[in-house]
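In what follows, a structure is listed as structure tokens, so that the remarks can point back to it.
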Amino acid sequence: MVICYLAGELGAISTQSERNRPGSQAQFVARALSAGAHRHFGTTAGDDHSLASNLRDYLKILAHALPTEFLSAGVASLQLRAEFRDAIVYSRDADGRRSVEEARILSFGAR
């Protein structure tokens with residue numbers, strides 16, 4: 001389940017040049033996961049071993065962060081990226097939860 005979640009967030013990164021391109025989805029996800037694990041577990045951002053050991057647990061937290069009602073209905077890249085971003089913000093603190101809830105509830109009215 002965690003591998004599927006991560007694959008959805010990474011999107012189409014089939015070539016090494018795409019993974020290494022500054023601003024690529026892979027680079028964005030790596031920075032977001034590193035910062036989130038650092039904040040959530042208190043690991044040092046440059047400590048690769050601690051980040052790697054916390055990655056699975058942090059991905060589980062993010063995969064289950066949003067209430068079912070707030071999850072995307074599809075698997076399009078843009079939807080999954082927005083869900084990933086919102087899961088990070090939602091799991092951060094009460095202000096993050098409130099901002100994601102407001103934005104997601106407002107999007108329900110736009111349909």
Side-chain angles (χ1 to χ4, degrees):
M1 198 288 280
V2 174
I3 291 174
C4 293
Y5 183 77
L6 182 58
E9 304 321 320
L10 290 172
I13 55 166
S14 59
T15 64
Q16 187 67 38
S17 61
E18 176 57 25
R19 291 188 291 273
N20 291 337
R21 182 179 57 80
S24 72
Q25 184 65 15
Q27 296 289 323
F28 168 75
V29 169
R31 283 190 302 274
L33 289 173
S34 176
H38 170 67
R39 171 177 256 163
H40 192 80
F41 295 105
T43 59
T44 305
D47 183 0
D48 294 339
H49 295 290
S50 294
L51 288 171
S53 68
N54 292 327
L55 178 62
R56 180 174 174 255
D57 293 333
Y58 189 56
L59 285 170
K60 282 180 160 180
I61 290 167
L62 294 179
H64 299 291
L66 295 176
T68 305
E69 297 81 16
F70 292 163
L71 296 177
S72 301
V75 292
S77 294
L78 290 175
Q79 291 173 321
L80 292 177
R81 283 186 218 154
E83 191 173 295
F84 176 67
R85 181 194 63 237
D86 286 352
I88 291 173
V89 173
Y90 196 84
S91 64
R92 191 177 308 158
D93 56 23
D95 289 335
R97 282 189 294 281
R98 188 172 22 263
S99 69
V100 170
E101 287 169 356
E102 289 173 358
R104 294 265 169 167
I105 289 171
L106 285 175
S107 72
F108 292 150
R111 293 181 188 180

By side chain to side chain contact (heavy atoms under 4.5 Å, CB included) - contacts of R98 (at least two apart): D95, E102
Rounded to the nearest 0.5 Å, what's the gap from OG on S91 to CG on L66? Could you check? 8.5 Å
Note, V2 side chain near L55 side chain (heavy atom, < 4.5 Å): no
Tightest non-hydrogen contact, residues L10 and A26, listed as CD2-CA, 4.0 Å
What I'd like to find out is whether the side chain of L33 reaches to under 4.5 Å of the side chain of L59, using heavy atoms alone. yes
Please name the pair of heavy atoms, one in L51 and one in S34, separated by the smallest distance, quoted to 0.1 Å. CD1-OG, 3.7 Å
What distance separates F41 CZ from I61 CD1, expressed to the nearest 0.5 Å? 4.0 Å
So do the side chains of Y5 and K60 get within less than 4.5 Å of each other, counting heavy atoms only? no
Going by the angle between their ring planes, with limits at 30° and 60°, are Y58 and H40 parallel, tilted or perpendicular? tilted
How far apart are the closest heavy atoms of A65 and A87, and which atoms are they? CB-O, 3.9 Å
Supply the atom-to-atom distance C4 SG to E9 CD, rounded to the nearest 0.5 angstrom. 11.5 Å
Between S53 and D57, which heavy-atom pair has the shortest distance, and what is it? O-OD2, 4.5 Å
Taking atom NE2 of H38 and atom CG of N54, what is their separation to the nearest 0.5 Å? 12.0 Å
Take atom CZ of R39 as the centre, draw a 6.0 Å sphere, and report whether it contains more than 12 heavy atoms from other residues, nucleotides or ligands. no
A side-chain contact here means heavy atoms from C-beta on lying under 4.5 Å apart; do F70 and I105 qualify? yes
May I have the list of side-chain donor-acceptor pairs in residues 76-85 shorter than 3.5 Å, sequence neighbours left out?
{"unit_1": "Q79", "atom_1": "OE1", "unit_2": "A76", "atom_2": "N", "d": "3.3"}
{"unit_1": "R81", "atom_1": "NE", "unit_2": "Q25", "atom_2": "OE1", "d": "3.2"}
{"unit_1": "E83", "atom_1": "OE1", "unit_2": "S72", "atom_2": "N", "d": "2.7"}
{"unit_1": "E83", "atom_1": "OE1", "unit_2": "S72", "atom_2": "OG", "d": "2.9"}

Residues, nucleotides or ligands: over 12 heavy atoms within 6.0 Å of R31 CZ: yes
